[in-house]
Amino acid sequence: MQWFTQLDTVWQALLASLFMYAMTALGASLVFFSKKLSPRAVTVLTSMAAGIMIAASFFSLLLPATEYEGVLPSYATVTIGFLLGGAFVIVGDIILSRVKPKCGGVGEGTALLYFAVTLHNIPEGMAVGVAFAAAAGVQEAVLSALFLAIGIAVQNFPEGLCVAMPLRAKGMPPWKSFLFSQGSGAVEIPACILGAVAAMFVAGLMPWALSFSAGAMIAVVCSELIPESFSGNKTLASVGIVAGFCLMMLLDIALG
């Protein structure tokens, strides 16, 4: 792990984004072998990822954002940035719900699912890139950013399958379902790198980028992960969220 913490920030972001993408592709690849993932496994993975991302939004993004000084007071910057990030995802959801995307005849609902997942992967990737930029090579902070990437990667695995299987059920060949599904995760790679580069080189952007990413991530968790996990087993979902939050909080506090 020492070699990773010593890498340039952009390389750290690139490798982390490739891992997140690989987990999406791995989940999508199950379309070749299995008709569905265990509902209990999906609930646990999704809810734990939600807990991890909620904790990361505060400890890895919002809290560090308050430590930067700028033209506005830190509390104003963080609040506005958070609202903008949340609005980005919410407006994106509204737009997607009002359009009728065409996706090879697979149906509006399935197409909306695909485009929604793709849209939500953009702020997730940006959040990881910004977290690595904020770490600035500090080993403990780099490890915290890495764990955020791992948390997102964990939820990318069932997400990849959950995108591929509806496409397959609507008549797409397995290989085409796989290509579409893994493509929804590929957007995290440029988003992650863009987040890292922008936060590193644009003066005064860091607190805005951190709080924006936090707001977007919370909106994604609330609109997608929590409803999805609680639609299965409420008890498992609650335990998963609490466990994921505690794990991320423990690591952030211990490493910080």
Side-chain angles (χ1 to χ4, degrees), residues 16 19-20 23-24 26-27 30 36-66 78 81-83 85-90 92-93 113 116-128 130-131 143-163 165 184-185 188 192 210-256:
F19 175 65
M20 294 189 295
M23 289 297 285
T24 301
L26 184 61
L30 295 183
K36 72 174 186 176
L37 194 64
S38 164
R40 293 174 67 88
V42 171
T43 297
V44 171
L45 288 173
T46 304
S47 59
M48 283 197 68
I52 288 172
M53 292 167 68
I54 292 171
S57 295
F58 177 74
F59 293 102
S60 298
L61 298 174
L62 281 178
L63 198 57
T66 62
V78 169
F82 187 90
L83 287 172
F88 172 78
V89 173
I90 294 170
D93 275 340
L113 169 66
V117 170
T118 302
L119 172 68
H120 293 159
N121 281 338
I122 295 174
E124 288 181 3
M126 288 182 62
V128 172
V130 170
L143 291 177
S144 179
L146 179 60
F147 195 78
L148 170 60
I150 293 173
I152 292 176
V154 166
Q155 65 97 10
N156 279 356
F157 179 81
E159 186 178 273
L161 181 61
C162 291
V163 172
M165 288 310 303
S184 70
E188 288 183 335
C192 189
L210 288 168
S211 54
F212 180 93
S213 297
M217 188 178 295
I218 289 294
V220 169
V221 170
C222 293
S223 65
E224 297 295 321
L225 300 186
I226 291 179
E228 180 182 340
S229 60
F230 274 82
S231 67
N233 186 306
K234 182 179 178 180
T235 302
L236 277 180
S238 299
V239 170
I241 290 176
V242 172
F245 186 97
C246 288
L247 180 59
M248 186 68 191
M249 177 175 62
L250 177 64
L251 290 173
D252 258 320
I253 295 175
L255 294 176

On a heavy-atom basis, which atom in [X] and which in [Y] lie closest, and how many Å separate them?
| X | Y | result |
| --- | --- | --- |
| P227 | V221 | CD-O, 4.0 Å |
| A214 | S57 | CB-O, 3.6 Å |
| T43 | N233 | CG2-O, 3.7 Å |
| S211 | G81 | OG-CA, 3.3 Å |
| A55 | M249 | CB-N, 4.2 Å |
| A149 | M20 | O-CG, 3.6 Å |

To the closest 0.5 Å, what do you measure between [atom1] ([X]) and [atom2] ([Y])?
| X | Y | atom1 | atom2 | result |
| --- | --- | --- | --- | --- |
| F59 | F245 | CZ | CZ | 5.0 Å |
| F19 | L26 | CZ | CG | 9.5 Å |
| I218 | I226 | CD1 | CD1 | 8.0 Å |

Find out whether [X] and [Y] are in side-chain contact, i.e. whether some heavy atom of one side chain is under 4.5 Å from a heavy atom of the other.
| X | Y | result |
| --- | --- | --- |
| S184 | T24 | yes |
| F230 | I241 | yes |
| I152 | E188 | yes |

